[in-house]
Amino acid sequence: MLTRKLNNGIKIPVLGLGTYRLARTDEDSYRAVRTALDAGYRHIDTAAFYFNEKPIGRAIRDSGISREEIFVTTKLWGSDILSNHIQEAFETSMSNLGLDYLDLYLVHWPVKGKVASTWHAMEKIHQSGKVKSIGLSNHLVHHMEELLREATIVPVVNQIELHPYLTQKEVVDYCNQKNIIVQSWSPLGGSKIPLMQEDTLKEIGRKYDKSPAQVVLRWNVDRGFVVIPKSSNMQRQKENIAIFDFQLTAEDIALIDKLNKDYRTGIHPDKISF
Ligand SMILES: NC(=O)c1ccc[n+]([C@@H]2O[C@H](COP(=O)([O-])OP(=O)(O)OC[C@H]3O[C@@H](n4cnc5c(N)ncnc54)[C@H](OP(=O)(O)O)[C@@H]3O)[C@@H](O)[C@H]2O)c1
């Protein structure tokens with residue numbers, strides 16, 4: 001699996017399995033992670049808020065793949081920030097996952113008035129040695145500016161909603177400038193928008209004998225992003241990881257960039273409440 005170097009020198013696989021609403025039952029979540037690992041995935045993205053850390057941790061532990069080969073991310077939820085239970089929330093996630101260490105811990109959403117203090121708590125958790133890297137999710141430029149004024153550690157990633165209908169130029173440019181890797185959530189547009197029906201993606205796909213989903217995922221990789229498509233279906237998991245035998249041209253990338261409509265499927269980061 002192709003990797004990228006984070007700003008602390010640690011490598012992250014450029015494609016991982018998203019696990020939000022992965023399955024209705026723990027057993028199905030477990031099975032979906034096992035099939036993904038069997039298909040070659042070595043990066044799993046979860047969150048306390050997804051309520052699936054337990055089956056995911058179990059799938060990782062049962063896989064027979066050595067722990068060092070799998071990059072595991074989980075996230076701190078906003079209500080734990082508001083109630084000042086950040087350390088406890090981290091410990092609960094670690095206990096749910098049943099792992100000795102975490103590869104990446106993210107602040108899931110910025111909490112108004114608490115962006116810098118949350119980051120200090122994240123830095124403390126990092127000092128404990130139980131998490132290799134810390135980063136952000138859903139942080140806008142003004143949140144990152146606020147945080148970086150006081151930070152000792154520069155976040156390694158910012159995981160944001162990003163797909164051809166929402167290219168997030170301002171956040172991406174800022175992250176590139178600060179050496180923060182952009183991770184794309186809902187890279188396929190989630191289940192709410194018909195992105196896979198887009199003619200541009202179909203036409204580009206025809207040139208390489210690839211599906212619209214594969215074109216979008218490759219566009220992410222070629223733009224330097226890390227991408228975490230979700231699928232609980234074994235065939236689609238295999239399809240989504242089969243993107244390392246082709247590359248888009250600069251013209252393809254420009255055509256896909258042009259699809260941008262600044263269209264969010266999720267909530268605006270300044271509007272979330274917990
Ligand atoms: N940080 C955040 O705030 C945040 C927010 C949302 C999501 N995320 C993360 O990002 C991950 C991905 O986002 P997402 O789950 O919202 O959406 P997504 O990955 O863009 O799309 C998932 C949807 O696309 C379908 N799908 C998967 N592969 C496909 C393919 N090859 N062709 C056609 N359809 C396909 C899936 O159905 P099947 O499962 O049936 O294949 C599912 O309905 C999440 O799972 C989560 O880990 C983070």
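Both ligands and their constituent atoms are indexed starting at 1 by order of listing. The model shown is predicted, which means the values in this text are computed figures rather than measured ones.
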Show the atoms of ligand 1 that are less than 4.0 angstrom away from any heavy atom in [X].
X: Gly189; value: 20 (O)
X: Ile228; value: 9 (C), 10 (O), 11 (C), 12 (C)
X: Gly18; value: 11 (C), 44 (C), 45 (O), 47 (O)
X: Tyr20; value: 44 (C), 45 (O), 46 (C), 47 (O)
X: His108; value: 1 (N), 2 (C), 3 (O)
X: Asn138; value: 1 (N), 2 (C), 3 (O)
X: Asp45; value: 9 (C), 46 (C), 47 (O)

### Donor + acceptor pair across side chains of Ser93, Glu53 (<3.5 Å)
yes

### Query
Do His143 and Glu145 have side-chain N/O donor and acceptor atoms under 3.5 Å apart?
no

Evaluating non-hydrogen atoms only, which member of [options] is closest to [atom]?
atom: atom 1 (N) of ligand 1; options: Ser137, Ala242, Ser232; answer: Ser137
atom: atom 28 (N) of ligand 1; options: Ile241, Asn240, Leu217; answer: Asn240
atom: atom 27 (C) of ligand 1; options: Gln214, Arg236, Lys230; answer: Lys230
atom: atom 17 (O) of ligand 1; options: Pro269, Gly190, Ser184, Pro212; answer: Gly190
atom: atom 10 (O) of ligand 1; options: Phe49, Trp185, Tyr50, Trp109; answer: Trp185

### Query
How close do Leu188 and Met196 get, heavy atom to heavy atom, and via which atoms?
O-CE, 3.6 Å

#### Entry: ring-ring contact (aromatic ring centres under 6.0 Å, His included) contacts touching residues 37-63 (sequence neighbours left out)
Tyr20-Tyr50, His43-Phe71, Phe49-Trp77, Tyr50-His108

### Query
Between Tyr101 and Lys130, is there a cation-pi geometry (under 6.0 Å to ring centre, at most 45° from the normal)?
no

Return the residue, atom name and 0.1 Å-rounded distance of the protein heavy atom closest to [atom].
atom: atom 43 (O) of ligand 1; value: Ser191 CB, 3.8 Å
atom: atom 20 (O) of ligand 1; value: Leu188 N, 2.7 Å
atom: atom 16 (O) of ligand 1; value: Ser186 OG, 2.7 Å

### Query
Residues two or more places apart in sequence or in another chain: which of them pass salt bridge (charged side-chain N to carboxylate O under 4.0 Å, His left out) with Asp245?
Lys210

If the threshold is 4.0 Å, N to carboxylate O, is there a salt bridge linking [X] and [Y]?
X: Asp103; Y: Arg42; value: no
X: Asp26; Y: Arg58; value: no
X: Lys230; Y: Asp45; value: no
X: Arg24; Y: Asp28; value: no

Is [X] close to ligand 1, meaning an N/O of one under 3.5 Å from an N/O of the other?
X: Ser231; answer: yes
X: Pro229; answer: no
X: Gln159; answer: yes
X: Ala213; answer: no
X: Lys75; answer: no

### Message
Quick one, Trp219 and Asp257 - any side-chain contact, counting heavy atoms below 4.5 Å?
### Response
yes

### Under 3.5 Å: donor-acceptor pair, side chain of Ser83, backbone of Ser79
yes

### Task
Say whether, by atom type as modelled, one donor and one acceptor occur between the side chain of Asn7 and the main chain of Pro155 under 3.5 angstrom.
yes

### Query
ligand 1 versus Pro187, non-hydrogen atoms closer than 4.0 Å: side chain, backbone, both, neither?
both

## Note on the structure
Contact region, Thr46 to ligand 1, non-hydrogen atoms below 4.0 Å, reads neither

